[in-house]
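Inspection log for the structure reproduced underneath, given as structure tokens.
Atoms considered below: every heavy atom in the structure, side chains included; atoms not considered: hydrogens, waters and symmetry mates.
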Amino acid sequence: TTTVQNLRHVGGSTRMRKVLLSDVSLGESSWKTREAHLVTASGEGYSGTGGIMGPMSLGLKQLHLDFQNNRVGIEN
């Protein structure tokens with residue numbers, strides 16, 4: 001089941017869908033099913049991207065982004 005909502009923000013509004021994901025993995029962590037809120041991405045820099053999912057959707061406690069070394073660390 002998919003629920004669509006409008007998310008209002010300073011730049012206007014964006015469509016947000018509540019979806020059920022199956023077989024999600026990030027690094028060595030994996031989840032069989034996960035409910036998530038997916039925000040539709042559009043514009044430059046998002047070409048080929050279906051949307052954006054926040055780390056809270058995966059129940060992560062911390063997300064570490066190391067852009068200099070091209071690494072992502074997670075704690076769940």
Checking D23 against K32 for the side chain to side chain contact (heavy atoms under 4.5 Å, CB included) test, could you report, in this order, the C-alpha distance in whole Å, the side-chain angles of both residues, the deciding distance, and whether it holds? CA-CA 5 Å; D23 295 321; K32 288 292 177 194; 3.9 Å; yes

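Counting heavy-atom neighbours within 6.0 Å of D66 CG, excluding the residue itself, gives a total above 12.
Atom OG of residue S22 and atom CH2 of residue W31 lie 13.5 Å apart, to the nearest 0.5 angstrom. Taking OG1 of T33 as the reference point, atom CG of L21 lies at 9.0 Å (rounded to 0.5 Å). Here the straight-line distance linking atom CZ of R71 with atom CG of L65 works out to 12.5 Å at 0.5 Å rounding.
A 4.5 Å side-chain heavy-atom check between H64 and V72 finds every atom pair outside the cut-off.
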